[in-house]
Amino acid sequence: MHVVDSHTGGMPTRVIVSGGPSLCEGPLEQQAKDLADNHKSFCDAVLREPRGQPGMVAALLVNPTDPQCTTGVIYFDVDAVLGMCGHGTIGLAVTLADMGRLSLGVHKIETPVGIVTVELHDANTVSVTNVDSRLVKPDVAVKLNDGTWVTGDFAYGGNWFFIAPAPIPVEATNIDALTDLAISIRSACHAALIQSPEGQPVDHVILVDQNNHGSAWSQNFVLCPDNEYDRSPCGTGSSALIACLAAKQEVEERQTVTFKSVIGSNYQVSYQSNGDNTIRPTIKGQAHVMAKSELVFSPSDPFISGIR
Ligand code: PYC
């Protein structure tokens, strides 16, 4: 299996160039379900140690169903198949450019939740115009196991987010405490059945810190489904957050704001209104290719499916 690894603001993406499973025919949403339901050991083998690394998201290239798209892609982390992945899309564009498969300019990419547009500005810099994003429900209060209450917004940006103010500074020294808090918030959301009209539960949690971040709007901690924190500012999370800020009229259409990740990498984020309760966000960030490898899966390897 041939893979190309990149990182987007520190967050790794592994593009599977060849050797992935063949999925069912049909829309990417169905192919993503097939991957989640029937190919768990493949996902584990690619992302778990020793071949993978904590936090890594994989991008499985598939044929697009829409001929206007350069490629189709299904993203997954070690715990879930994702609807969309912003840092992964920036990493994918830079990887395809590195392989000579994507030129500078604008291209469409098909994901299970819709078509996104990428603009490759140079070898490392990409803008992603994401799927329509929205504030689903503001000011939702959930009770944590320790009896305390947290109030936040339930929002969509290609994945499903609960977004709350951070009670402690979002900085690298607090990653363990922020992770524990975000996991307990997500459990409380699940217990309270916070979900989309179609029954999608909260899969990511964002803790927003607006104190002392210079010209950045905020520094945000993002918990992913695999309980890892996003090293990047999270593309789908930034989309969900700017949808909330747009709905509350805190950020104007076409205004650019900077969101910083917990490790200090940043995205420039803006939006266009759709004239209804949704917006179309654009996220600009940078990725760098870091490895081009052939993964070997020997039948005698006791850790062929990774370390559980
Ligand atoms: O950038 O959208 C994102 C993302 C989702 C999970 C990890 N990164």
Side-chain angles (χ1 to χ4, degrees), residues 5-15 32 35-36 43 46-47 52-60 73-95 109 111-118 125-134 155-163 175 178-179 182-183 186 200-208 219-244 258-269 271 280-288:
D5 296 345
S6 61
H7 75 86
T8 308
M11 186 66 169
T13 304
R14 170 162 283 176
V15 176
L35 180 67
C43 299
V46 169
L47 288 181
Q53 60 177 281
M56 185 173 244
V57 167
L60 178 63
V73 61
I74 301 173
Y75 296 108
F76 55 96
D77 75 10
V78 82
D79 209 63
V81 173
L82 304 171
M84 212 326 251
C85 180
H87 93 265
T89 304
I90 295 171
L92 172 61
V94 164
T95 295
I109 293 180
T111 79
V113 292
I115 292 173
V116 301
T117 304
V118 296
T125 310
V126 179
S127 294
V128 179
T129 298
N130 194 8
V131 294
D132 290 348
S133 302
R134 67 187 194 279
Y156 177 73
N159 294 300
W160 297 92
F161 291 84
F162 188 85
I163 304 175
I175 284 173
L178 291 161
T179 302
I183 290 173
R186 193 183 53 205
Q200 293 290 334
V202 170
D203 44 35
H204 295 66
V205 173
I206 307 183
L207 299 170
V208 179
Q219 186 155 11
N220 307 325
F221 174 88
V222 183
L223 179 78
C224 299
D226 57 3
N227 290 344
E228 281 294 328
Y229 70 94
D230 198 329
R231 281 75 170 157
S232 81
C234 191
T236 52
S238 297
S239 302
L241 177 55
I242 198 128
C244 296
T258 299
F259 294 148
K260 270 172 42 172
S261 75
V262 66
I263 63 161
S265 51
N266 57 64
Y267 286 162
Q268 280 71 54
V269 184
Y271 71 92
R280 190 109 307 202
T282 298
I283 298 107
K284 188 173 182 184
Q286 291 206 317
H288 292 83

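As the structure lists them, so they are numbered: ligands from 1, and atoms in each ligand from 1.
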Does ligand 1 have any N/O atom under 3.5 Å from a protein N/O, and what are those pairs and their distances?
residue, atom, partner, partner atom, Å
ligand 1, 1 (O), Gly86, N, 3.3
ligand 1, 1 (O), His87, N, 2.8
ligand 1, 1 (O), Gly235, N, 2.8
ligand 1, 2 (O), Gly86, N, 2.7
ligand 1, 2 (O), Gly235, N, 3.4
ligand 1, 2 (O), Thr236, N, 2.9
ligand 1, 2 (O), Thr236, OG1, 2.7
ligand 1, 8 (N), His87, ND1, 2.9
ligand 1, 8 (N), Asp230, OD2, 2.8

message: Before you tell me yes or no, could you show the steps for Thr282 and Ser127 under side chain to side chain donor-acceptor pair (under 3.5 Å), namely the whole-Å CA-CA distance, both residues' side-chain angles and the distance that decides it to 0.1 Å?
response: CA-CA 6 Å; Thr282 298; Ser127 294; over 6 Å; no
- prompt: Which residue, Thr89, Thr236, Asn159, forms the side chain to side chain donor-acceptor pair (under 3.5 Å) with Tyr75?
  reply: Thr89
task: Give a yes or no on whether the backbone of Tyr271 and the side-chain of Arg280 come within a donor-acceptor separation of less than 3.5 Å.
output: no
- prompt: Can you check whether Trp160's main-chain N or O pairs, donor with acceptor, with Asp203's side chain at less than 3.5 Å?
  reply: yes
statement: Taken in chain and number order and not counting sequence neighbours, the residues that satisfy side chain to side chain contact (heavy atoms under 4.5 Å, CB included) with Ser261 are Pro233, Ile263, Ser265
message: Ignoring hydrogens and geometry beyond distance, is a side-chain donor-acceptor pair present between Tyr267 and Ser232 at under 3.5 Å?
response: yes
